[in-house]
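Worksheet: one structure, shown below.
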Amino acid sequence: MSNNDDFATTFFAHVDSCVPQYISELGEAVAIPSVYSNLADHGPDIQRMLDWTKAYVERLGGWVDLLPNPKGKDAEGNDLPPILLAEFKANERAAEKKTVCCYAHLDVQPAAKEDGWDTDPFVLTEKDGKLYGRGSTDDKGPALSWLWVIQAHRKLNVDLPVNVKLMFEGMEESGSEGMFEAIHDLCKEGKFLNDVDFFCISDNYWLGATKPCLTYGLRGLAYFSVSVQCCEQDLHSGVLGGTVHESMIDLVHLMSSLIDTKGTILIPGIMDDVAPVTPEEDALYDTIEFDCEEYMKENKVASVSNKLLHNKKKDLLMARWRYPTLSLHGIEGAFSSTGAKTVIPAKVIGKFSLRLVPDQDPIRIEKQVTDHLNRVFGSLNSPNKMEVSMLHGARAWLSDPKHPNFEAASRATEKVYGALPDFTREGGSIPITTAFEEATKMNVCLLPVGACDDMAHSQNEKYNKSNLVNGVKVLGMYLHELGKFKGPKPSSCRCVELTDEELMEPGAFLRGFKCKCVM
């Protein structure tokens, strides 16, 4: 079966006929409580989920291995889960075919019915076309979809158009411990990732509830704590109030110096490295389907303040995606329970973070933030002790929406939905994306299959039945669109990269290289 349209018709019909099987198998996966947060209790469950997936790959005839976690154990001495590696080769001239690596994670957030779920979170429950259950959309549904795509090719006796590799982990929800070390090692000559030409990740969501999108940018992160200590233990405000320099007062001054009520970051130099908006980038926002009023309702703002920082679609989306932001998260050590407590806290720790954009370096941001807080604290003339720490830093990621990887994903989406997807960026961070791209120099495409209202990480997480079905179809067609690209494998290129001037020449970026292989 060589004609792509003929395959699509047959493939879509096959997927439709397998929906009961897909729901049943997703139910099996959801029933395994592979919760990341407590390895002492749930480490065996994560292992069971990985074993379940390994057995599925073996039934499909693929090569599979559980790579021991490079970091070994966590801080409490618990064994970290292994990393699942799998491969399905294109039968005909596999060595010449392109190779795509699909990433997913099999661990989930904690969940309990008493947290506010309407149903048991570990029993997949279908209601009104929605499949409720922890991990249904984040990320077990998308992960299993790759296996269902392979299974469809086997049942239809159709060769895979590209080689498919899978890299599934069990620690994504707690920082992907061991994954970054594994990626660094596996991209070496002759190892698992060395011949990968494209990466695909389906671990994010559509901008809205009805229109598909492809994501080509993510913001980075710089997470800080700032502590102020005034004494060794908490003090009575009636007895000692008015006699000591209170830590909370200093901290409130410090945190209020970071950002104003209009969302403007007040730290000098923060905006220096932010690239200006180009006309081409600006035009990408014109066709995006987005409604500010619906956005307020979806995020439960409309019933409280009924006002956003930006009223126009383009301004709001740019603030959300392509400009840095600063958020205040909380204060540790202060009284926060119900009722009243007349206490002067001895030490308080403010938590805040900045979402970073391309060209912003977390190390440079750390210095700017630290210098600013030191200046402000100095102006208070306080005798208290103040410390600033950056707890975590990650660079932003920005890809080229015209890259062949995105082109294939766009055409696949159009075949299934009958319309081109929106090209979007996201305000959050997925560090694994940058890790793949920096280690291998190959392109990563974020191809979400879930909707914006899937409630990942929250109560009543769900996966629309229609998204499950169409998601399998899109991922299957994506492989066939990748298979259409001619020319050498991008991963085989070891040339010196082109200069900026050479990259401007027509065709320079045509096949995903940045070198003279495509000139």
Side-chain angles (χ1 to χ4, degrees), residues 1-8 10-12 15 62 86-104 142-143 145-154 156 158-167 192-203 212-216 399-417 420-421 423 433 436-437 440-449 470-493 507 509-514 517-518:
M1 189 181 300
S2 58
N3 185 283
N4 212 24
D5 291 333
D6 288 345
F7 169 75
T10 306
F11 174 58
F12 291 173
V15 171
E87 182 174 15
F88 299 91
K89 288 186 177 294
N91 293 336
E92 186 181 349
R93 303 192 312 278
E96 302 172 20
K97 298 290 180 70
K98 306 292 193 299
T99 299
V100 61
C101 180
C102 312
Y103 163 87
S145 295
W146 291 112
L147 300 178
W148 295 329
V149 166
I150 301 296
Q151 184 184 66
H153 283 77
R154 297 286 192 261
L156 295 173
V158 175
D159 288 345
L160 290 170
V162 291
N163 303 305
V164 178
K165 292 189 175 185
L166 306 178
M167 193 170 186
F192 184 75
L193 295 176
N194 187 250
D195 66 342
V196 171
D197 304 297
F198 307 100
F199 287 88
C200 185
I201 299 176
S202 295
D203 189 24
C213 69
L214 301 177
T215 304
Y216 67 95
S399 191
D400 179 4
K402 294 182 179 179
H403 189 282
N405 200 12
F406 283 84
E407 184 182 338
S410 178
R411 289 202 299 251
T413 302
E414 185 179 20
K415 278 189 178 295
V416 175
Y417 287 95
L420 290 171
F423 285 88
T433 306
F436 279 130
E437 203 158 86
T440 67
K441 311 303 181 188
M442 296 296 107
N443 181 270
V444 180
C445 175
L446 295 185
L447 202 175
V449 293
N470 288 329
V472 177
K473 294 176 181 179
V474 168
L475 298 182
M477 294 312 301
Y478 164 70
L479 299 184
H480 282 262
E481 293 298 333
L482 284 181
K484 292 180 179 180
F485 293 125
K486 307 300 180 185
K489 287 168 59 67
S491 61
S492 67
C493 169
F509 208 64
L510 183 61
R511 287 290 171 262
F513 299 88
K514 291 184 178 179
C517 288
V518 295

### Message
Contact between H153 and F88 at the side-chain level, heavy atoms closer than 4.5 Å - yes or no?
### Response
no
### Spacing of NZ belonging to K97 relative to CG belonging to D197, to within rounding of 0.5 Å
12.5 Å
### Query
Do the side chains of L482 and F198 get nearer than 4.5 Å, heavy atoms only?
yes
### Nearest heavy atoms of V472 and W148, plus distance in Å
CG2-CE3, 3.7 Å
#### Entry: Shortest non-hydrogen contact between K489 and D195, atoms and distance
NZ-O, 3.2 Å
### Task
Show your working on side-chain contact (heavy atoms from CB on, under 4.5 Å) between W146 and L479 and close with a plain yes or no.
CA-CA 10 Å; W146 291 112; L479 299 184; 4.1 Å; yes
### For K98, side-chain hydrogen bond (donor to acceptor under 3.5 Å, both in side chains) partners two or more places apart
none
### Query
Do L193 and M167 have side-chain heavy atoms sitting under 4.5 Å apart?
yes
### Query
Are I150 and L160 side-chain neighbours, meaning at least one heavy-atom pair lies under 4.5 Å?
yes
### Query
When rounded to the nearest 0.5 angstrom, what is the spacing between NZ in K165 and CD in E87?
4.5 Å
### Query
Taking all non-hydrogen atoms of both residues, which atom of V164 and which atom of C102 are closest, and how far apart?
CG1-SG, 4.2 Å
### Query
Between the side chains of Y478 and N405, does any donor sit under 3.5 Å from an acceptor?
yes
### Task
Ignoring hydrogens and angles, tell me if any N or O in the side chain of S202 forms a donor-acceptor pair with the backbone of L447 under 3.5 Å.
yes
### Query
In Å and rounded to the nearest 0.5 Å, what is the CZ to NZ distance from F423 to K402?
10.0 Å
### Query
Between CG of L214 and OG1 of T413, what distance do you get to the nearest 0.5 Å?
5.0 Å
### Summary
Between F406 and D400, the two heavy atoms sitting closest are CD1-O, 3.5 Å
### Message
With a 4.5 Å cut-off on side-chain heavy atoms, are T433 and L446 touching?
### Response
yes
## Note on the structure
Between A409 and C445 the two heavy atoms that sit nearest each other are CB-SG, 3.8 Å
### Message
Side chains of S491 and N194: any donor to acceptor distance under 3.5 Å?
### Response
no
### Query
When the ring planes of F436 and F199 are compared, do they come out parallel, tilted or perpendicular, using 30° and 60° as the limits?
parallel
### Task
Please tell me if the side chains of V474 and P212 come closer than 4.5 Å, counting only heavy atoms from C-beta onward.
no
### Query
Does the S492 side chain pair with the main chain of P488, one donor and one acceptor, at a distance under 3.5 Å?
no
### Task
Report yes or no: does E437 contribute a side-chain atom to a donor-acceptor pair with the main-chain N or O of V444 at less than 3.5 Å?
yes
### Task
For E481, enumerate each residue passing the side-chain hydrogen bond (donor to acceptor under 3.5 Å, both in side chains) test, keeping only those at least two apart in sequence or located in another chain.
N4, R411, K484
### Message
Within the 4.5 Å heavy-atom criterion, are F11 and H480 side-chain neighbours or not?
### Response
no
## Note on the structure
Closest non-hydrogen atoms of L166 and F192, given as atom of the first, atom of the second and distance, are O-CZ, 3.6 Å
### Query
Below 4.5 Å, heavy atoms only, C-beta onward: do H403 and Y216 meet side chain to side chain?
no
### Message
Quick one, S145 with V449, criterion side-chain contact (heavy atoms from CB on, under 4.5 Å). Give me CA distance, side-chain angles, the key distance, then yes/no.
### Response
CA-CA 10 Å; S145 295; V449 293; 5.6 Å; no
### Task
Measure the CG-CG distance between L475 and L147 for me, rounded to the nearest 0.5 Å.
11.0 Å
## Note on the structure
Residues at least two apart in sequence or cross-chain that pass side-chain hydrogen bond (donor to acceptor under 3.5 Å, both in side chains) with N163, listed by chain then number, are T99
